[in-house]
Engineer: 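Structure incoming, see below.
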There are 2 protein chains.
Amino acid sequence: MREPAEVIQFVRAEARRRGVRWTSQRQTIVEAFVASGDHLTVEEIHRRARLSDGTVSAATVYRTLNLLVEIGVAAKRQFGDGSSTFEPNLDKPHHDHLVCLGCGTIREFQRDIIEAIQEDVARELDFVLASHRLELYGWCAACRAKGLMQVPVQPTVAVRPL
Amino acid sequence: MREPAEVIQFVRAEARRRGVRWTSQRQTIVEAFVASGDHLTVEEIHRRARLSDGTVSAATVYRTLNLLVEIGVAAKRQFGDGSSTFEPNLDKPHHDHLVCLGCGTIREFQRDIIEAIQEDVARELDFVLASHRLELYGWCAACRAKGLMQVPVQPTVAVRPL
DNA sequence: ATACATGCAAACTGTTTGCAGAACA
DNA sequence: TGTTCTGCAAACAGTTTGCATGTAT
């Protein structure tokens, strides 16, 4: 990803182009968001933004993140656990996610072959495909070492065949 | 999938084995669920159950569906749109989903190669993988004919590169 | 000056839960 | 009979929204 300062400059310019005003809260939130990593929950972004400005509200964090998604510099992800996470999304190529069931860490990966599967399925079922989402769930080395291997989330196969 | 009556019999037996009582509401809900198709929302299952018994509450529908998931005869799916859907899940092999962005129809498909991708990524990132979820989004032939091709949900690539 | 943005609280959606009464075993 | 289940309403989490006030342009 690019430098945070460069990202913020781009967002500001894009906001102005749309007649959207640049406020200190938006500056604070965008800084907190782009500065420190991927796949943050709204709560976490809010927490970090408040380190700089203790008065920013959750509503403004939501409004700002939705704006970033609209502008195209953030992507909203919904993993299985209820709340959404956001990740900076600038010149990254498409990628998918690997979620650790122990610690929640999210890794990214990319495999071209998935596009081929897409095309193949599209042909078979007569769809025109727009996008996909692939998530792998498992345990990272650190969690395995700690013995954190519980029953997988959302089993998709019958426990006991009929 | 097996015959509805057979499914219900299995669920009943499994419930008894666990000391779970069989009530008319559960009978009604399970009938509505297994009789009529895949990927129903809770709201839809509730609506159908009330056709037989107008007094069943949403709470009981939730409790019953969660019980079915626990027993292993239903799978809960969370697509991007907030609410969960449930599908009967008996002797089906693992499969993934293709969602029409126009009408919401969900088709199932299966590709063995996805397991190979899983293994490959797991090796590279040193994970032990438990499951995956692959969703394709696009438009079915009927929706294309009707001109229903709007902007895709949840864009994952920047609209305008930095 | 005047739109637009903010913070707060209330509304909303999907889901779970506590409780008193009903019903299975 | 005794435990489990139901329906209802309230609680909950995550998110959005209406409104009076504040502020960027």
Side-chain angles (χ1 to χ4, degrees), chain A residues 8 11-30 32-33 39-47 49-50 52-71 74-86 104 153-154, chain B residues 8 11-30 32-33 39-47 49-50 52-71 74-86 104 153-154:
Chain A
I8 292 171
V11 174
R12 261 181 99 149
E14 186 62 20
R16 179 176 299 115
R17 205 180 63 74
R18 298 174 179 229
V20 167
R21 291 176 186 173
W22 198 249
T23 63
S24 68
Q25 290 90 336
R26 283 180 177 163
Q27 176 83 21
T28 299
I29 292 163
V30 174
F33 175 59
H39 307 112
L40 300 179
T41 62
V42 174
E43 192 184 12
E44 178 61 18
I45 296 167
H46 187 200
R47 197 185 65 72
R50 265 184 300 184
S52 309
D53 174 355
T55 72
V56 284
S57 67
T60 299
V61 174
Y62 278 106
R63 285 189 272 234
T64 302
L65 289 171
N66 289 340
L67 173 66
L68 295 184
V69 170
E70 219 175 286
I71 288 178
K76 186 180 191 173
R77 305 279 180 189
Q78 319 234 128
F79 298 109
D81 51 5
S83 56
S84 306
T85 64
F86 289 81
V153 165
Q154 51 166 3
Chain B
I8 292 171
V11 174
R12 261 181 100 148
E14 186 61 22
R16 178 176 300 116
R17 206 180 63 74
R18 297 173 180 231
V20 167
R21 290 176 186 174
W22 198 249
T23 63
S24 69
Q25 290 90 338
R26 283 179 177 166
Q27 176 82 21
T28 299
I29 293 163
V30 175
F33 175 58
H39 307 110
L40 301 179
T41 61
V42 175
E43 193 185 12
E44 178 63 17
I45 296 167
H46 187 200
R47 197 185 65 70
R50 265 185 300 184
S52 309
D53 174 355
T55 72
V56 283
S57 67
T60 300
V61 174
Y62 277 106
R63 285 189 272 234
T64 302
L65 289 171
N66 289 339
L67 173 66
L68 295 184
V69 170
E70 219 174 286
I71 287 177
K76 185 180 192 172
R77 305 281 178 187
Q78 320 234 131
F79 298 109
D81 51 4
S83 56
S84 306
T85 63
F86 288 82
V153 165
Q154 52 166 2

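Letters go in sequence order (proteins before strands), and every chain restarts at 1.
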Engineer: Take atom CG of B:Asn66 and atom C1' of C:dG14, then tell me their distance rounded to the nearest Å.
Structural biologist: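 Taking CG of B:Asn66 and C1' of C:dG14, I get 12 Å after rounding.
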
Engineer: Just how far, in rounded Å, is P of C:dA25 from CZ of B:Arg18?
Structural biologist: 16 Å

Engineer: Among C:dC8, D:dC8, C:dA3, which nucleotide has an atom closest to any side-chain atom of A:Arg21?
Structural biologist: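 Closest nucleotide to the A:Arg21 side chain: C:dA3.
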
Engineer: Among all residues two or more places apart in sequence or in another chain, which pass the ring pair (Phe, Tyr, Trp, His ring centres under 6.0 Å) test with A:His46?
Structural biologist: none

Engineer: Is any side-chain N or O of B:Ser83 closer than 4.0 Å to OP1 or OP2 of C:dT13?
Structural biologist: no

Engineer: Kindly give the heavy-atom pair with the smallest separation between A:Arg18 and A:Glu70, and that separation in Å.
Structural biologist: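 Shortest heavy-atom separation between A:Arg18 and A:Glu70 comes out as NH2-O, 3.7 Å.
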
Engineer: Among C:dT16, D:dT16, C:dA5, which nucleotide has an atom closest to any side-chain atom of A:Val20?
Structural biologist: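 That would be C:dA5.
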
Engineer: Determine whether any donor atom in the side chain of A:Arg26 lies under 3.5 Å from an acceptor atom in the base of C:dA5, or the reverse, and answer yes or no.
Structural biologist: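 For A:Arg26, whose side chain was compared with the base of C:dA5, there is no donor-acceptor pair (under 3.5 Å).
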
Engineer: Rounded to whole Å, how long is the line connecting atom CG of B:Leu67 with atom P of C:dT16?
Structural biologist: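 The distance from CG of B:Leu67 to P of C:dT16 comes to 13 Å, rounded to the nearest Å.
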
Engineer: In whole Å, what is the span from the CZ atom of B:Arg50 to the P atom of D:dC8?
Structural biologist: 10 Å

Engineer: Measure across A:Thr28 and A:Ser52 and return the closest heavy-atom pair with its distance rounded to 0.1 Å.
Structural biologist: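 Looks like CG2-CB, 3.8 Å.
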
Engineer: Round to the nearest Å and state the distance from A:Gln27 atom CD to C:dT6 atom P.
Structural biologist: 12 Å

Engineer: With the threshold set at 4.0 Å, does a side-chain nitrogen-carboxylate oxygen contact exist between B:Arg47 and B:Glu43?
Structural biologist: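 Salt bridge between B:Arg47 and B:Glu43, a charged N being under 4.0 Å from a carboxylate O: no.
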
Engineer: Between C1' on D:dT4 and CZ on B:Arg17, what's the gap in Å once rounded to a whole number?
Structural biologist: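 The answer, rounded to whole Å, is 18 Å.
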
Engineer: Is A:Thr60 close enough to C:dG7 that one of its side-chain N or O atoms is under 4.0 Å from OP1 or OP2 there?
Structural biologist: yes

Engineer: Nearest to the side chain of A:Thr55, heavy atoms from C-beta on, is which of D:dA9, D:dT4, C:dG7?
Structural biologist: C:dG7

Engineer: With a 4.0 Å limit, can you tell me whether B:Ser84 has a side-chain N or O closer than that to the phosphate oxygens OP1/OP2 of C:dG14?
Structural biologist: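 Checking B:Ser84 against C:dG14: no side-chain N or O falls below 4.0 Å of OP1 or OP2.
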
Engineer: Looking at C:dA22, I'd like to know if its phosphate oxygens (OP1 or OP2) sit under 4.0 Å from a side-chain N or O belonging to B:Gln25.
Structural biologist: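 No.
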
Engineer: Quick one: is A:Tyr62 getting a side-chain N or O under 4.0 Å of the D:dT16 phosphate, OP1 or OP2?
Structural biologist: no

Engineer: Heavy-atom nearest nucleotide on DNA chain C for B:Val42 versus A:Ala58: which residue maps closer to 5'?
Structural biologist: A:Ala58

Engineer: Can you tell me the distance, in whole Å, between the NE2 atom of B:His46 and the C1' atom of D:dC8?
Structural biologist: 12 Å

Engineer: Going by salt bridge (Lys or Arg N to Asp or Glu O under 4.0 Å), name the residues that satisfy it together with B:Arg16, two or more places apart in sequence or in a different chain.
Structural biologist: none

Engineer: Do you know the tightest heavy-atom contact between B:Arg21 and B:Arg26?
Structural biologist: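 Heavy atoms only, the tightest pair is O-NH1, 2.8 Å.
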
Engineer: Return whichever of A:Asp53 or B:Glu43 has its heavy-atom-nearest nucleotide of DNA chain C closer to the 5' end.
Structural biologist: A:Asp53

Engineer: At under 4.0 Å between heavy atoms, what does A:Thr23 touch on the DNA or RNA strands: base, sugar-phosphate, or nothing?
Structural biologist: sugar-phosphate

Engineer: When only distance counts, do a donor and an acceptor, one from the side chain of A:Arg63 and one from the base of C:dT6, lie under 3.5 Å apart?
Structural biologist: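 Answer is no: no donor-acceptor pair is held.
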
Engineer: Rounding to a whole Å, what distance do you find between A:Lys76:NZ and D:dT16:C1'?
Structural biologist: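 Going from A:Lys76 (NZ) to D:dT16 (C1'), I get 10 Å.
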
